[in-house]
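Report on one structure; see the data block that follows.
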Amino acid sequence: MTADNNTQGMPLNPKTSALIRTGIVEQLADGQFCSGEALGALFNVSRSAISKHIKQLSDLGLDIYSVTGKGYRLARPLALLSKTRIQALQRKAQDEQLAVVNVIDSTNQYIKDRQGQLSKGFACLAEAQTAGRGRHGRAWFSPFGASLYLSMYWPFAGGYQAIGGLSLMAGVAVCRALQAFGVHDAKLKWPNDVYIQHKKLAGILIEVEGQLGASCDCIIGIGLNVMLPSSLTSSDIGQPFIDLFTVLQTSPDRNKLAALLLDELIEALELFEREGLRPFLAAWREADVYANQAIKLLMGQQTIEGICRGVNESGALLLETNTGLRAFQGGEISVRSA
Ligand code: BTN
């Protein structure tokens, strides 16, 4: 018997197996124990098949305990993402503009694969990513139900010339959503990492496709830590991180936060499309985590040190060096405190 057979030993198709795993998470969501036998009866599969599904869910980063004689339980209760609830909480939602999926390689990839069929503002949210992408070609750790993984599609008729500063705008939109959620101390590290208490709360990856001189398609991908597994350490992630559970000391409502992020992103993108980065500069400068501090820029093998003097009108980072004020734009630049 495998996780992909029913109690009669009949093979289940992968879609049915995925539905069973979703069903198991729904059963466990309240944080109470549920036995393997009860779960097996509910989904018409054996206890050993259930234990294999549980193993697959654990491999996706879901914190599940197993206690002999009692069954399975989540480390913490979990409210699953719900398209209906998110759209009910949005200022104005359109049914066909949102996809909420369980497990996916990457929400950015979901958009990329469907680009030609999507309209402006379409968004995808997932419970887990198996190949989440970060900036600088890094992976984005994406355990099940622990964060928000969100990507939005936005084409720009004006092409590459029209998107200068887009990544800074996206950081401001995330900070505004957090403020509306009751989190007031979020800061930005150039170009758009969201920090709280000097630890990373959220990252943004913007992927762009298009030819020079023509329109371009943008995918704005946001990963925001909500309730990461307690066993996770900074060395697992590669840098100090924080989640909203730690900030708020309570389980955050991910559906509410998703609705706020979608609303703020759409509003910001509409304004950015009309007026560019200018209306967002004051908010970005206000949130600048390194303003007037000693920093170093890492660019491949090269390191440049100086005092951070914020950003210029096009969103380039301004660094006061011993050879004068220099502006740095885009590309493979990482910012660190000196
Ligand atoms: C960073 O490195 O700071 C950017 C991380 C961006 C992660 C998000 S999660 C949703 C979307 N899908 C991906 O594969 N990546 C982005």
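All residue numbers refer to positions in the sequence shown, counting from 1. Ligands are counted one by one from 1 in listed order, and the atoms in each one are counted from 1 as well.
- With respect to Lys187 and Glu286, no salt bridge is recorded, no charged nitrogen being found less than 4.0 Å from a carboxylate O.
- Because its NZ or CZ atom is not both nearer than 6.0 Å to the ring centre of Phe280 and within 45° of the ring axis, Arg176 does not count as a cation-pi partner of that residue.
- Considering only non-hydrogen protein atoms, atom 15 (N) of ligand 1 sits nearest to Arg133 O, 2.7 Å.
- Looking at atom 9 (S) of ligand 1, its nearest protein heavy atom turns out to be Gln129 NE2, 3.4 Å.
- Residue, atom and distance of the protein heavy atom nearest to atom 2 (O) of ligand 1 are Arg135 N, 2.7 Å.
- Checked by distance only, ligand 1 and Ser106 come closer than 3.5 Å through their nitrogen or oxygen atoms.
- The nearest protein atom to atom 10 (C) of ligand 1, hydrogens excluded, is given as Thr107 OG1, 3.2 Å; this is a heavy-atom distance.
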Test Asp253 against Arg85 for salt bridge (charged side-chain N to carboxylate O under 4.0 Å, His left out), laying out the working first. CA-CA 11 Å; Asp253 179 347; Arg85 196 162 137 64; 2.3 Å; yes

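- A salt bridge does not link Glu320 to Arg326: none of the charged nitrogens lies less than 4.0 Å from a carboxylate oxygen.
- Looking at Leu150 against ligand 1, only its backbone comes within 4.0 Å, counting heavy atoms.
- In this structure, the protein non-hydrogen atom closest to atom 3 (O) of ligand 1 is Lys200 NZ, 2.6 Å.
- A salt bridge links Asp95 with Lys83: at least one charged nitrogen is closer than 4.0 Å to a carboxylate oxygen.
- By the 4.0 Å N-to-carboxylate-O rule, Lys120 lies close enough to Glu273 to be salt-bridged with it.
- In Gln109, neither the side chain nor the backbone holds a heavy atom less than 4.0 Å from any atom of ligand 1.
- Polar contact with ligand 1: absent for Trp140 (N/O pair, distance under 3.5 Å).
- With a 4.0 Å heavy-atom cut-off, ligand 1 is reached by no atom of Arg138.
- Between Glu313 and Arg278, no side-chain nitrogen of the basic residue sits less than 4.0 Å from a carboxylate oxygen of the acidic one, so the salt-bridge criterion is not met.
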